[in-house]
Amino acid sequence: MNPSAISTTEAVDFVFLYIFGISAVMLLGITATMIWFVVKYNRKRHPQPQPSPRYNILLEVAWTVIPTLIVLTMFWYGWEGYTTLRDVPPDALEVRVTARMWSWTFTYPNDRTSDLLVVPAGRAIKLDIVSEDVLHSFYVPAFRIKRDAVPGMTTHAWFRAPEPGSYDVFCAEYCGVAHSQMITTVEALPEHEFEEWYRQETAEEEASEGEQLLTKHGCIGCHSTDGSPKVGPTLKGLFGRTVTVASDGKERTLTADADYVLKSIRQPNADVVKGFPAIMPAFDHLPEEELEEMVEYIQGLR
Ligand code: CUA
């Protein structure tokens with residue numbers, strides 16, 4: 001099969017149905033034969049054991065050769081399906097997928113970043129998958145693709161969204177407290193709408209660089225900007241808020257200001273907000289300007 005001619009969904013579904021179909025026929029055949037033998041060779045009909053042939057060459061060859069051929073066809077179609085999943089069509093759009101505890105970030109060839117995987121419908125998308133911390137797994141059930149994000153290496157997968165729509169993305173490798181919330185979507189748009197979205201990049205980035213940074217570093221995976229609760233406290237209205245924190249095991253209250261926010265990004269476990277687990281990784285490697293930009297943006301979230 002030409003890998004660019006069929007989609008990952010078609011490749012996987014065909015093998016699945018093929019193996020499932022054969023298994024179903026075998027199950028029904030074996031069960032029916034069993035029931036038939038139980039009735040036919042019932043003790044009431046045959047009080048004495050019947051003599052039976054010791055061997056039958058033709059039968060033995062048949063029950064060895066036929067299942068071997070069937071299993072080999074399963075292997076063959078399985079291999080074809082596997083190569084379809086691994087061989088990326090040459091015209092694919094490359095998107096970098098960054099996994100971290102507990103969010104996904106997608107980076108496009110023009111450096112645009114997004115927390116939704118926005119793609120043009122009908123076009124092949126190649127995903128270069130990396131992890132910033134632990135094992136994660138990029139899983140899109142609708143396209144039958146699942147690939148681990150492994151720290152220290154780049155893995156890949158590809159898919160083609162058949163038509164515009166929204167498709168679930170999950171993390172399929174247990175990665176800690178908020179693993180089940182490490183979800184997002186593939187947003188497949190008609191080609192021209194995608195082009196529009198893709199080109200918007202510069203204007204938007206200038207408008208809210210802080211927001212882009214929060215997406216890029218995955219902050220909004222755990223901290224909402226609209227007041228809704230997530231794994232961590234919301235960033236909306238954070239400045240000036242009185243917060244109760246545990247510092248070195250001692251509870252104290254403080255008023256959130258720029259120093260507090262900055263410290264919480266660099267050393268998240270120094271002051272842990274009451275009611276939330278101490279699970280945030282330290283972001284002490286971020287450049288000073290980025291931190292300033294982010295703090296400024298958070299300050300503006302009223
Ligand atoms: Cu990331 Cu589970």
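We count residues from 1, following the sequence as given. Both counts, for ligands and for their atoms, begin at 1 and track the order of listing.
At atom 1 (Cu) of ligand 1, the angle from SG in Cys175 to SG in Cys171 is 120° when rounded to 10°. To the nearest 10 degrees, atom 1 (Cu) of ligand 1 sees SD of Met182 and ND1 of His136 at an angle of 90°.
The atom of His179 nearest to atom 2 (Cu) of ligand 1 is ND1, with the search restricted to N, O or S atoms. Of all N/O/S atoms in Glu173, O sits nearest atom 2 (Cu) of ligand 1.
The hydrophobic clustering, which links ILVMFWY residues whose side-chain heavy atoms are closer than 4.5 Å, places Val15 and Phe20 apart.
With hydrogens and angles left out, the side-chain atoms of Thr98 and Glu132 include no donor and acceptor closer than 3.5 Å.
Between the side chain of His223 and the backbone N or O of Lys236 there is no donor-acceptor pair closer than 3.5 Å.
Taking every heavy atom of both residues into account, His136 and Glu173 meet most closely at C-CB, 3.7 Å.
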